[in-house]
Structures are given as C-alpha cells and as structure tokens.
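Worksheet: the structure to be examined is printed underneath.
Just the heavy atoms: all of them, side chains too, but no hydrogens, waters or symmetry mates, feed the values below. Reminder, nothing fancy here: chain letters follow the sequence lines and each chain counts from 1.
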Protein chains: 4
Amino acid sequence: MTTTTAPTVARRGRPRDARCDEAILRATLEMLGEGGAGNLSIDGVAARAGVGKATIYRRWSSKEALLLEALSTDTNAIASPDSGTLRGDLELYFDDLVERLRQNQNSDVLPHLIEAACYDAEVRNSLDEYLSSRQLPLRQLLQRAQERGEIAARIDLAVVVDVLVGPVIYRRLMTRDRIDGVFVRKLLDIVLTPAGLRPV
Amino acid sequence: MTTTTAPTVARRGRPRDARCDEAILRATLEMLGEGGAGNLSIDGVAARAGVGKATIYRRWSSKEALLLEALSTDTNAIASPDSGTLRGDLELYFDDLVERLRQNQNSDVLPHLIEAACYDAEVRNSLDEYLSSRQLPLRQLLQRAQERGEIAARIDLAVVVDVLVGPVIYRRLMTRDRIDGVFVRKLLDIVLTPAGLRPV
Amino acid sequence: MTTTTAPTVARRGRPRDARCDEAILRATLEMLGEGGAGNLSIDGVAARAGVGKATIYRRWSSKEALLLEALSTDTNAIASPDSGTLRGDLELYFDDLVERLRQNQNSDVLPHLIEAACYDAEVRNSLDEYLSSRQLPLRQLLQRAQERGEIAARIDLAVVVDVLVGPVIYRRLMTRDRIDGVFVRKLLDIVLTPAGLRPV
Amino acid sequence: MTTTTAPTVARRGRPRDARCDEAILRATLEMLGEGGAGNLSIDGVAARAGVGKATIYRRWSSKEALLLEALSTDTNAIASPDSGTLRGDLELYFDDLVERLRQNQNSDVLPHLIEAACYDAEVRNSLDEYLSSRQLPLRQLLQRAQERGEIAARIDLAVVVDVLVGPVIYRRLMTRDRIDGVFVRKLLDIVLTPAGLRPV
DNA sequence: AGTTAAGCGAGACGGTACGTCGTGTCTTGTG
DNA sequence: CACAAGACACGACGTACCGTCTCGCTTAACT
C-alpha cells in the first residue's frame, strides 16, 4: 500500500482533512456509476466533490490510483469459505463473486485499469496487489484441498486458479455472456467432474 | 459484413484510393508496435501515412474502428487442426495461439479495445465479430470431439470454450504470468484429466 | 476582363454549359444574402447550385473572383446624370448610390473583397477595375463641371472624388451611420457651400 | 470599459499571468507585421508566445478581439492640437494621422476587422469604441472651431468628420492611392476653401 | 459514323486552422 | 502545511474549407 499511516511521525502544518478523502471517493464512485471510467475526469470529480484538483493529486498520483482506491473502499470482505469439501468451498466462493459482479454490472473500471497498467508501472503494481488480495481466499481454499488430497500433489495450483477465475473474467471482459449460478455450476462440472471431458 | 458487392451500383464520384488504406493501416500497425494503442493518435497516424485526417475519418469512425481493421489485416489463418483426438487438436490450436501471443508480447491493443467497447456499441460489435472469428476453429474442434463422444453430450460447449480460452486471456490481461507450452500442458491436464481434480 | 469571348476560336470538346454559370451565380447571391461573404463556402455554393466544385473553379480562380462576378451581375447601369449644374448632377448621382446601398443594406461583400485584395493581386486588380467602373459617371460629371468653370482648374479632381465618395464609404464600412438623402445633402452642403467652413 | 477596478473583490484562484498577456500581444504584433491579419492563426500566436491556446481563448473570445487589443497597445497618444485656427489644427491632426498610416503601410488589419465586425457584434462594438477613441481629438478640435465661429452653427459636425476622415480611409482601403502631405493639403483646400467648388 | 477533347456531378485527397477538452503542475489568498 | 479556485503548457480531438485530383458519363466538333 502507498499510505503508510505511521502515527508517531506527527507531520507538521495543517493536517489533511479526512472529509476531503470522503468527498473525493464518493464523487468518484458516483461518476463511475454514471459515465464509466472513460468519461470520468479529474476536473469533474474535483468539481463534484467541491474540492481543488491539487487536493486530489496530493493524495493520488493519477486518475487510476484514485480509481483503485475507490474500488478498494468496497471492502466488505470476500467470502473465505471452509465447508470441508473442495466443491462446497468453490460454490460458496463463486456465488459471492457472482453477486459482486452482478452488483456493478456494467462497470468498465477493470478494463480501464488493465489498460492503464500497460503504460504505468505504478498502476500495474497496485492493480496486481489488488487482484492478488481478491484471490487470496481462493488460493487458500485450493491449498487446503490439495493438503486433504482432493487435488493431486502434482497439480500447479496457480494454473488451477487460472482455470477457475479465467473463464469468469473472460465472460466479463470479452464475451459479455451471462455470469450466474448456472454458469458457475457448468464451469465447476467441467473442471471437477472426470466424466465430462475424458481422454480417449 | 458491410461490404455490399453490388457491382451494378456504379458508385459515383472519385473512388477511394486503396493506397491510402494501405498507408494508414501500415502506419497504424507501426505506431502500435512502437507506442501502444494508448499513445497512438489519429494525428500521428495521418502524419506518418502522409494523409489528411479527414481521409482517415472518412473510412473509420474512431480510433478503435481503425485498430480493429488493422488487427484484422493480420490474416494468416488460425490453425484449424483435425488430428483425430481432442487432446491433439487442442495442443495444436493452443500452440498456434501461444505463438501469436508471443509475437506481439506487450501489445496493449486488446485491453484498449475492450475498454473502448464499453462506451461504443459499434466497437463492441466489431470486437465481438473479431473475437468470434478467432474462436471458430476451437468451437469446430470441440464440436467434432463431442460428436465423437470425447465430450459428454450434456456438456455446454460454450462453457468449455470459456474454460479453455479464459485462463489464457486471464494470464494475458491480468496476472501477466508466462504463457507458453508448459502452461498450456498444465492447463489441458487439469481440464482433460479426471485424476487431477476429483470430487469427493 | 478575363473572359475573352473570341467567337472565332471555336474551342473543341464539350462547350461550357451556360446554365451552370447561372446556377452558380444565383446560388452565390442567395448565400451572400443569407450568411454573408464570410459564411459562404465554395462547397456550399456547389451543393446549392447542384454543380461540382470543379465546375466553379473552371470558371473562377477563387472565391473572391466569383464574388466579384456575382456583384457585377447587378448591372443596371449607374446613373450618369447631366442636369447642367454640378449640384444637380451630384444629387442625382448620390441618390442613385444611396438607393443601391439601401438595397443590399448589410452586405459584407465589400469588406470581404477589400480584405481579400490585400493578399491576392488578381483580386486587387479585379476589384480596382470594378470600383473604377462604378466611379466613371462621377468622374465624367466632375470633368464637365470643371470645363464649365464650376470647379476651379487648379483643383485635383481625383481628390474631389475622394472627398465625395470617401464619406459615404466611410459611413458604410466604419461608422455604420445612416446613409440617406439627408446625409447626402449635408455632405454636399459642406463640400460645395463656401459659407459652411470658411477660413479665417 | 470592461475594467471593473474593484480592488475589494479579491478574486480567487491563481491570477492571470501578466507576462502571458505581454507575450501574446507581442507575438500577435510580430505576426501581424510579417504575414498580415489573414495569415495570422491562433495556433501560430500560441506557439510563438510559448503559450497554450487555452491561455489565449481565456482572454479573448476570437482572433479579432485579440487583434483589437493588440492594436490598442499602440498607445502613443494621438495628436490633440490646439493651434488657434481650424486649418492649423487640422493640418497638425492629419500630419500625425498620415505618419501613423505610413508606418504600418500595408497593414490589412483594418480591413480584416471591418469584415469580422460584420459577423460578430462583440467585435463590432470593440471596433466602434476603438475608432471612436481615435477620432476624439478631431471632434474636439471641430467643436472648438464651431464655438469660435469658424464653422457655421448649422453645420452637422458628424458629417464634417466624415468629410475629413472619409477620404483618407477611402484611399487607404479602396483606391490605395498615395496618402501624404500633398494629399492632405489638397483635401483641406477643397473642404475649407470656398473658391474651390462653388455652387452656381 | 467514329474519334477526340473538353465539360460535368460526385466526391476523395493533402492540408491548415479551428475551438474544446483533459492532464498534471503551478500560484494565488485564506485558513 | 492544507485547501478552493483557477491559470498554465501541452497535446489530441473531430470538423470545416480550401483548391486539386480522379472517376464515369455526356456533349459537341472534327475527322
């Protein structure tokens, strides 16, 4: 994280006004909902938040840094299930994920950030960190399944993550096909059930 | 398709100069290679192609429409393998895909187009069409496998496509992990081998 | 004049269509009336006249050449009075001039041409010729008055023309004050009546 | 005038940088001298002044507004003579005027502004104001002469102004004949001397 | 009658300038 | 120092005309 809230430093001068942070993030989220990331401008956010542009740039180095922070405010923790079985855990995890995606249905923030990350290493890092943190429960869940023997030891769990999350992201970003419980079940069936795709 | 091959229409006025199309597309691809989609400007393309901006806008309604056309010119056909086995076909298909991705390694065109598609329905449609055409061999290959009985009839092939392509795209766009033969084998192992992930 | 209507030359090929000239000039005058010279474009004239742009440029070398021609079509001859007295002649001449100005009240063609003449020598010459032809009756009228002795022989008639026409043009172009019979009488009073301004 | 010298208002935000005004006006005058008003572009002025285009548009709504301001900076006051006689005053006034015209000999600024004033009311007003201020000394000078009885009380001084200034402007804009001391003397002779043009 | 040269409508072409918008930085006066 | 306001350099946008050029066709005059 960039914010090192070292409490002992006690910086001099007027302290930052926490209400500014709030107002800026709220304005950002509102404008994201209305026009999407592409139509969101710092000028616009500043105007709506009733804040000077410098006040924004003092806190975030770029539009994308701001977006990432705004996204992170949605921090009701991700489900970290432990039902005892791999299938059960995955269903809980994905049901949560589906619900999240359903809520901000047409959000284009992710595509925007992905593109921005191509040009800006700092954004790249922050985005990686953000995504990684979102995946943590899934990795842990798989780890436990492998320890229980539900997943063969030889399997590379990183690839399993790809196989599970990839299809969802793919639908989200590219095909825009429906992402719901039905899709998740089909996905899990294919990945988990040997009878689905069997080698000749 | 927009091409109405009605030869009897006999369009009036000076016809479009095909050399302009070439020059513009060539300039576009060059600048894509150099600076990426984000740093590509219509002004720049026009200047490099030795062409007025209007000549570009006469053909493409936006930067993204131009990018899509430029991408489509890369028309060495995608591998449409038929080795007789699902596994064999998939390996051939993905080896081809991996090679393509390897070539324009750090291209940010796809992220850029994905974002643009969020705001512009026309781009959305063109992009869908483009992606769909790239997937065609894969869909056909799976179709044949299902007819041969290698894939259970109850399986939704659309989801299989997601499960296969999704992980690759996911690495490409989000985790930026390595995409190579090793990854593809692991991926196919997980998806095709029942012994990998087995339900309790 | 540019048009050398040598009838014996008998140029080969398809002859120019006189209806085009008409249509173009009519369209030009209409658009002049609507938007003024500044808002008149060759594209617009061509479209309204139902004519290709080349058909216009084949006849006139520039927008201004076209304007000059369009102006010259208004060729109901200028009054060339001969009432026997200087004052009488001048009143007739200026009444005619005032009427002409009144008709195309807010025309901005003259300013436009004056400016264009600054940059284009051809326009300069055509404009000079046009203006000179309009002044001819006045010069003749003054010439006769000088021969009759109404104007002292030592007087430079060119300057008299300036003194008479200048004020009208000045009002027209710069002050935009009213130009009517009252003004003309006042003008003639000042210039012709010794009791008006008398040297101490 | 637009300048509201209210010092108590204490305008907020970063104040306009006076050096920008200077640089822009200087660049404008330079480019006027080089290419004339017709070849002067906002892009060009911005580039030469080392200033963004927005910085120009923030101050002036159009090219013409800028030109008017630039002209007004040439503020070595106009001669406001008081020699005691009408003839003497006029000679002083016109000698000054002739000298000014001689300096920027081929300037096309005036024609350009006159045309622009046809389309833009704001330019119209500014131009009127500018011209009116230039005429002020002449009007005062005539006023005094009328009070002294050198000009008959019944004479409309506004028309006298036209009669005096009109011929000069007319030469300047239309005939492009020479404007010098000789011309001015001839002009004054005709207007002031009863023996020149006498009514029958 | 066939050939040829130009006229014609349509519209593409290389340019140039336009006026607007957004970025990230800066400079004021006021807390 | 932080803050609101807003000026600043820069760069891209998409549009409008300019004057020229190519198409396929028509229209006469000259072979």
Does [X], at its [atom1] atom, have more than 12 non-hydrogen atoms belonging to other residues, nucleotides or ligands within less than 6.0 Å?
X: D:Glu122; atom1: CD; answer: no
X: D:Arg19; atom1: CZ; answer: no
X: A:Glu30; atom1: CD; answer: yes

### Summary
Sequence neighbours excluded, the answer for side-chain hydrogen bond (donor to acceptor under 3.5 Å, both in side chains) partners of B:Glu22 is none
Just how far, in rounded Å, is [atom2] of [N] from [atom1] of [X]?
X: D:Asp120; N: E:dG19; atom1: CG; atom2: P; value: 11 Å
X: B:Tyr57; N: E:dT16; atom1: OH; atom2: C1'; value: 15 Å
X: B:Leu66; N: F:dG14; atom1: CG; atom2: P; value: 11 Å

### Message
So does C:Ala37 get a backbone contact from the side chain of D:Tyr119, meaning a donor-acceptor N/O pair under 3.5 Å?
### Response
yes
### Summary
Note: contacts of residues 23-45 of chain B with DNA chain E (heavy atom, under 4.0 Å) are none
### Task
Treat primed atoms plus P, OP1 and OP2 as sugar-phosphate and everything else as base, then score nucleotides 9-15 of chain E 5' to 3': B for base contact with protein heavy atoms under 4.0 Å, S for sugar-phosphate contact only, - for none.
BBBBBS-
### Query
D:Ser62 or A:Ser62: which one's nearest nucleotide on DNA chain E is closer to the 5' end?
D:Ser62
### Message
Contact between D:Leu66 and D:Leu25 at the side-chain level, heavy atoms closer than 4.5 Å - yes or no?
### Response
yes
### Query
Using 4.0 Å as the upper bound for N to carboxylate O, is an ion pair formed by C:Arg59 and C:Asp21?
yes
### Task
Using the side-chain contact (heavy atoms from CB on, under 4.5 Å) rule, take A:Arg58 and A:Thr55 through it: C-alpha gap first, then chi angles, then the decisive distance, then the call.
CA-CA 5 Å; A:Arg58 203 174 289 122; A:Thr55 300; 3.7 Å; yes
